[in-house]
Protein chains: 2
Amino acid sequence: MTLTQVSCSNCSLDNICLPRGLSQTEIDNISKVVKARKTLQRGDFIYREGDHFKGILAIKSGSAKLVANDNHGNEHILNILLPGELLGFDGLSREKHGCAAIALETMTFCILPADSMDQLFQNLPGLTRELFRHSGEKMLEDKNQLVLSKRPAEERLAYFLISLSERLKRRGFSSSEFKLSLTRQEIGNHLGLALETVSRLLKKFQDDELIEVQNRFIKIKNLGLLKNLLQPLV
Amino acid sequence: MTLTQVSCSNCSLDNICLPRGLSQTEIDNISKVVKARKTLQRGDFIYREGDHFKGILAIKSGSAKLVANDNHGNEHILNILLPGELLGFDGLSREKHGCAAIALETMTFCILPADSMDQLFQNLPGLTRELFRHSGEKMLEDKNQLVLSKRPAEERLAYFLISLSERLKRRGFSSSEFKLSLTRQEIGNHLGLALETVSRLLKKFQDDELIEVQNRFIKIKNLGLLKNLLQPLV
DNA sequence: CGTATTATTGACTCCATTCAAAGATAGTGG
DNA sequence: CCACTATCTTTGAATGGAGTCAATAATACG
């Protein structure tokens, strides 16, 4: 993979990515060390479990999944990452990645290289705080997922759809219509459900006129009712 | 609660707490801002959900639980914290705590105050890295829990016992005999199981001579066999 | 010593899984 | 462009693991 210099100040993600809330000088400083990698295709590894930590990544376009493997060869999809979101934190503590990141579709991303991070900590306390903020945010999401994992199948799937919708909205995409770049298998894996259960529930949601499903395209028809399904959460 | 000045350099937790791997000068710098709070009792709140973030805490003695509440009044125990472990990260991103922390038994802790953190980031990149390391560590644990939440009851309980044992060992406590400061209810809540299931499984583990249970005292008799139960994990 | 909380044990029920088979979709090469 | 294949999705029927309900026993606590 080749690296190219990027400019954060004219990036289309400027106010949803790292620099959010930083001064122009600070952004210029970041620009100096941020690199962009070229395009990946569905199934390509962004990094593998055990890979040396090379930095925090920001998704510019496309999406990715974080995957942990147990020693029976089962994949566990821990997280889905959308444009403007950061990944790589799983490599922060041990210099090695604790799980793999895999492209779900054609995607591009930027890198905040590990070797310049210490220097950034010293020069840009604002960035440091922002990174902590982001990592705290990720932890809260994990907590939510953990609470969710104890809830019945219907709630899990409803929450999954709502959460995707809200995250897409936050990034300026349509929150009511989107394409899932995941198979039923992958959704089920992520939520701890059998793929058949996912299929049945999507059908049920459609029958109840909460959503419209066309293969991997989802149209949310009644967000209110969908949210009612997870009354007990949040 | 009253705060008192502490010295990190002669703390009994010196090499398992924050300062691990920092220079003497750096430790002295931390000492200047770290405060200690007085003793809490079982059931006391360390902080509540929604409380303003006041800093990262380090447990000196005793244990605590992190609890999230859904809006039906159900508690969800997200994590158990042991001596030498850090908490408070859930308040880092939004300046407000995302969950509550409650003492499980008599306990004491130190505080790295929020208002001195920016200053520390600038002066002590080593500490910043250490904090990131710790927060990354916590995220890996969360990932493990997430993977675990999809596994059958037996594996979840086995993993819970093994994980406690290993964490206690790392901190210099006995890894084969310890007191659970949790009720069956709380264990079940944490693992997403009914309290009856926890009771039945502890009995089963005892019948299989993996452990010895005496109320809340646990003695691990055959760690190897216990670990076999979770072949598929880690 | 008596009361409240916590733990054990059994019987029954149900949600989600597994197994199985058929149908739809996407991608490939002739 | 169509046929062919691999992959993914839907749907039904049967099974089982863990939950719920209920009653008793043990422990902790004032």
Side-chain angles (χ1 to χ4, degrees), chain A residues 41-44 65 72 74-77 102 104-106 147-161 179-208 211-219 229-230 232, chain B residues 41-43 65 72 74-77 102 104-106 148-161 179-208 211-219 229-230 232:
Chain A
Q41 303 302 329
R42 175 169 172 94
D44 288 350
K65 60 179 177 182
H72 275 191
N74 304 313
E75 270 197 354
H76 293 267
I77 300 178
I102 302 176
L104 282 171
E105 58 194 313
T106 305
V147 168
L148 199 68
S149 71
K150 301 173 191 165
R151 311 289 320 164
E154 207 174 73
E155 273 181 48
R156 289 191 233 177
L157 186 59
Y159 178 83
F160 176 68
L161 294 175
K179 186 194 165 204
L180 287 175
S181 297
L182 298 159
T183 66
R184 304 287 188 266
Q185 170 77 267
E186 286 173 317
I187 299 170
N189 178 310
H190 178 49
L191 298 175
L193 301 172
L195 70 96
E196 294 93 331
T197 307
V198 174
S199 181
R200 278 185 255 264
L201 284 177
L202 284 175
K203 174 107 189 309
K204 181 169 182 300
F205 286 176
Q206 174 157 253
D207 290 348
D208 296 349
I211 63 173
E212 226 173 275
V213 189
Q214 194 80 239
N215 233 318
R216 298 195 193 167
F217 285 92
I218 304 282
K219 187 176 192 170
L229 291 180
L230 38 94
Chain B
Q41 302 302 329
R42 174 170 173 95
K65 60 179 176 182
H72 275 193
N74 303 313
E75 270 197 354
H76 293 267
I77 301 179
I102 302 175
L104 282 171
E105 57 193 312
T106 306
L148 199 68
S149 72
K150 301 172 192 167
R151 310 290 319 165
E154 207 174 72
E155 273 181 48
R156 289 190 231 177
L157 186 60
Y159 178 82
F160 176 69
L161 294 174
K179 186 195 165 204
L180 286 175
S181 297
L182 298 160
T183 65
R184 305 287 188 265
Q185 169 79 266
E186 286 173 316
I187 299 171
N189 178 308
H190 178 50
L191 298 175
L193 301 172
L195 70 96
E196 294 93 331
T197 307
V198 174
S199 182
R200 278 185 253 265
L201 283 176
L202 284 175
K203 174 107 190 310
K204 183 170 181 299
F205 286 176
Q206 175 157 254
D207 290 348
D208 295 350
I211 63 174
E212 226 172 275
V213 190
Q214 194 81 238
N215 234 317
R216 298 194 192 167
F217 284 92
I218 302 283
K219 188 175 191 169
L229 291 181
L230 38 92

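First the proteins, then the strands, lettered A, B, ... as listed; each starts at 1.
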* Could E75(A) and K65(A) be called an ion pair, given the rule that one side-chain N must be under 4.0 Å from one carboxylate O? -> yes
* Determine the contact category for R156(A): base if any of its heavy atoms lies under 4.0 Å from a base atom, sugar-phosphate if only primed atoms, P, OP1 or OP2 are that close, otherwise nothing. => nothing
* May I ask you to say what L195(B) touches in the nucleic acid, namely base, sugar-phosphate or nothing, with a heavy-atom cut-off under 4.0 Å? => base
Do [X] and [Y] come close enough that some side-chain heavy atom pair is under 4.5 Å?
{"X": "F205(A)", "Y": "V213(A)", "result": "no"}
{"X": "K150(B)", "Y": "N189(A)", "result": "yes"}
{"X": "K179(A)", "Y": "N215(A)", "result": "no"}
{"X": "H190(A)", "Y": "L182(A)", "result": "no"}
{"X": "L201(B)", "Y": "E154(B)", "result": "yes"}
{"X": "F217(B)", "Y": "E212(B)", "result": "no"}

Return the nearest nucleotide to the side chain of [X]; candidates are [options].
{"X": "E196(B)", "options": "dA7(C), dC8(D), dT20(D)", "answer": "dT20(D)"}
{"X": "R200(B)", "options": "dT9(C), dT17(C), dT9(D)", "answer": "dT9(C)"}
{"X": "P152(A)", "options": "dT8(C), dT18(C), dA16(C)", "answer": "dA16(C)"}

Expressed in angstrom and rounded to an integer, what is the separation of [X] atom [atom1] from [N] atom [atom2]?
{"X": "L193(B)", "N": "dG17(D)", "atom1": "CG", "atom2": "C1'", "answer": "11 Å"}
{"X": "L157(B)", "N": "dG17(D)", "atom1": "CG", "atom2": "P", "answer": "17 Å"}
{"X": "K204(B)", "N": "dT8(C)", "atom1": "NZ", "atom2": "C1'", "answer": "17 Å"}
{"X": "E105(A)", "N": "dG27(C)", "atom1": "CD", "atom2": "P", "answer": "13 Å"}
{"X": "L201(A)", "N": "dT10(D)", "atom1": "CG", "atom2": "C1'", "answer": "13 Å"}
{"X": "F217(B)", "N": "dA28(D)", "atom1": "CZ", "atom2": "C1'", "answer": "13 Å"}
{"X": "Q214(A)", "N": "dT9(D)", "atom1": "CD", "atom2": "P", "answer": "13 Å"}
{"X": "E154(B)", "N": "dG19(D)", "atom1": "CD", "atom2": "C1'", "answer": "17 Å"}

* To do: Check each of E105(A), E186(A), R216(A) against S181(A) using the side chain to side chain donor-acceptor pair (under 3.5 Å) test, and report the only one that passes.
  =>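 So the option named by the test is E105(A).
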* To do: For dT11(D), take OP1 and OP2 only and decide whether either is under 4.0 Å from a side-chain N or O of K203(A).
  => yes
* To do: Give a yes/no on whether any side-chain N or O of T197(A) is located under 4.0 angstrom from OP1 or OP2 of dA16(C).
  =>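 The answer is no; no side-chain N or O of T197(A) sits under 4.0 Å from OP1 or OP2.
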* **Five-pair end axes of the helix from dC1(C)-dG30(D) to dG30(C)-dC1(D) and the angle they enclose, rounded to 10°** => 50°
* **Given DNA chain C, 5'-ward residue of the pair V198(A) and N215(A), judged by closest heavy atom** => V198(A)
Sequence neighbours left out, cut at 3.5 Å: what donor-acceptor pairs do the side chains of residues 191-199 of chain B make with other protein atoms?
none

* **OG-CD distance between S149(B) and E155(B), expressed to the nearest 0.5 angstrom** =>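 It comes to 11.5 Å.
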* **Neighbours of DNA chain C within residues 181-189 of chain A, by heavy-atom distance under 4.0 Å** => none
